[in-house]
Amino acid sequence: MRFYIMTAVITIVGLIISISFRFDFWNQHELPYDEEQIGLDDQIVINFSHVVAENTPKGLAASKFAELIEEKSNGNMIVQIYPNGILYNDKTELAAVQEGDVQMIAPTISKMTEELPSWQVLDLPFLFENDAQVYEVLHGPLSDQLLKELESIHIRGLTFWHNGFKQIAAKNGPLLEASDFIGLTMRSMPSKVLIKQIQLLHADPIVTSFNDLYASIQNKNIASQENTISNIYSKGYYTMHPQITLSNHGILAYSILMNEDFWNNLTAQQQQIITESIDELQRWQHDAAVKLNDENLQQLQHSKQAQLYTLTDEQRNSWIKALQPIYQYYEQQTSKNWS
């Protein structure tokens, strides 16, 4: 028995000596690097988390942004994209970017309104008549003012992206008259203005994250929703909410945000690369969103599962009349923010 113990001790001592020798050797001799390893320590990685699919306006723009960053930096800056809420959902992504767990997110404007009530202006109904007006607002003086407000919560605001106009999808018949909403459960994002709109239509708002929406519909907790055609199509919501009213009553837009400390620690050249990439992407992103919504609308028109309806002028006016108090409500909610 003693022989085996001594043998084991000798073996362990030999391993320790061998490891110590190798450690000293590595410290005294610099190991060679291949070409792929050179410069990796200097490479800037931007982790970009969002909650939608890659084949949506936001997903496509994120991929295009990553291409521009890598191209303009000659590979010294990399954008790593995490779509479909695989890192953070739309309830947790804001805290994640504030804490530096990720460097970039692209939440809907409506998700920012609790922190920044003034942003609810873009949730007001029937504010825009066409996509051209949306572009002018999302990239004009108002957007500059809204982005500047992010300084109060220590976030760097880069820009806004368009998703498209919102429509109404339901499962128990089309919602055409304002009175059709009475008593329905309807999904809402956590914007007081959006919640109030649903209440003005005498429906029951159910605040649900985008990641949980599909399951909530399957569980019959939600009978209707407002969403863009691209989201309704890409997520398959039309299979459960097949009656789609083409109302164009509001827009869905995203704010492109970056961790403030991360931005401040970049060099001036690196910041310029990000800014130039964002600026170059503006028109491309907007046009891509409009095109994708049009293409998805055509696909829904040929689907046997979806039924599409267009509001008459009389029906549209009934919505506007029912929602008229929302503008005064917004002023009351945000007057101190614009004083």
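Along the sequence shown, residues are numbered consecutively beginning with 1. Here the structure is a predicted model, which means the values were calculated and not measured.
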d(Met104 CE, Trp263 CH2) to nearest 0.5 Å is 10.0 Å
Taking every non-hydrogen atom, the tightest pair across Phe126 and Ser247: CE2-O, 4.3 Å
Could you walk me through whether Asn219 and Ser216 pass the side-chain hydrogen bond (donor to acceptor under 3.5 Å, both in side chains) test, one step at a time? CA-CA 5 Å; Asn219 295 333; Ser216 296; 5.9 Å; no
When you look at Ile198 and Arg187, which way does the side chain to side chain contact (heavy atoms under 4.5 Å, CB included) test go after all the steps? CA-CA 9 Å; Ile198 295 172; Arg187 185 255 176 162; over 6 Å; no
Would Asn76 and Gln43 satisfy side-chain hydrogen bond (donor to acceptor under 3.5 Å, both in side chains), going step by step from the backbone distance to the final call? CA-CA 5 Å; Asn76 291 322; Gln43 193 175 66; 6.0 Å; no
Side-chain donor-acceptor contact under 3.5 Å, Ser230 with Asn163: yes
For Pro325, is there any backbone N or O sitting under 3.5 Å from a side-chain donor or acceptor partner on Tyr330? no
Mind checking the CD-CD1 spacing from Gln285 to Ile278? Nearest 0.5 Å is all I need. 9.5 Å
Is any side-chain heavy atom of Asp90 less than 4.5 Å from a side-chain heavy atom of Pro107? no
Can you tell me how far apart CD1 (Ile320) and NE2 (His249) are? Round to the nearest 0.5 Å. 12.0 Å
Under 4.0 Å between a Lys/Arg side-chain N and an Asp/Glu carboxylate O for Asp287 and Arg283? yes
On a heavy-atom basis, the closest approach of Leu176 and Tyr309 is CD2-CB, 3.8 Å
Start with the C-alpha distance between Leu300 and Ile229, add both sets of side-chain angles, then the distance that settles side chain to side chain contact (heavy atoms under 4.5 Å, CB included), and finish with yes or no. CA-CA 9 Å; Leu300 287 176; Ile229 289 295; 4.0 Å; yes
Quick check: do Ile44 and Phe262 have side-chain heavy atoms less than 4.5 Å from each other? yes
Are the side chains of Asp212 and Asn89 in touch, meaning some heavy atoms are under 4.5 Å apart? no
Can a donor-acceptor pair be found between the side chains of Gln299 and Asn296 at a distance below 3.5 Å? yes
Considering all heavy atoms, the nearest Phe48-Ala62 contact: CE1-CB, 3.8 Å
Do Asp123 and Ser110 meet the criterion of a side-chain donor-acceptor pair at a distance under 3.5 Å? yes
Flag side-chain contact, heavy atom, 4.5 Å: Arg156 against Leu150: no
Shortest non-hydrogen separation from Gln315 to Thr310 and the atoms involved: OE1-O, 4.0 Å
Please give me the minimum heavy-atom distance between Leu175 and Ser224, naming the atom from each residue. CD1-CB, 4.0 Å
Should we count CD of Gln305 as having more than 12 external heavy atoms under 6.0 Å? yes
Please determine if Glu114 and Lys192 form a salt bridge, counting it only when a charged side-chain N lies under 4.0 Å from a carboxylate O. no
I would like to know whether Ile251 and Lys166 meet side chain to side chain contact (heavy atoms under 4.5 Å, CB included); could you show each step before the answer? CA-CA 5 Å; Ile251 65 164; Lys166 292 188 291 186; 5.9 Å; no
Is the closest side-chain heavy-atom distance between Ile217 and Met240 below 4.5 Å? yes
When you compare the side chain of Thr228 with that of Asn293, does any pair of heavy atoms fall below 4.5 Å? yes
Would you verify whether the NZ or CZ of Lys58 falls within 45 degrees of the ring axis of Trp161 while also being under 6.0 Å from that six-membered ring's centre? no
Let me see the working for Val121 and Val193 under side chain to side chain contact (heavy atoms under 4.5 Å, CB included), right down to the final yes or no. CA-CA 9 Å; Val121 66; Val193 162; over 6 Å; no
Which pair of non-hydrogen atoms, one from Ile155 and one from Val97, has the smallest distance, and what is that distance? CD1-CG1, 4.1 Å
Determine, using ring centers only, whether Trp119 and Phe160 are less than 6.0 Å apart. yes
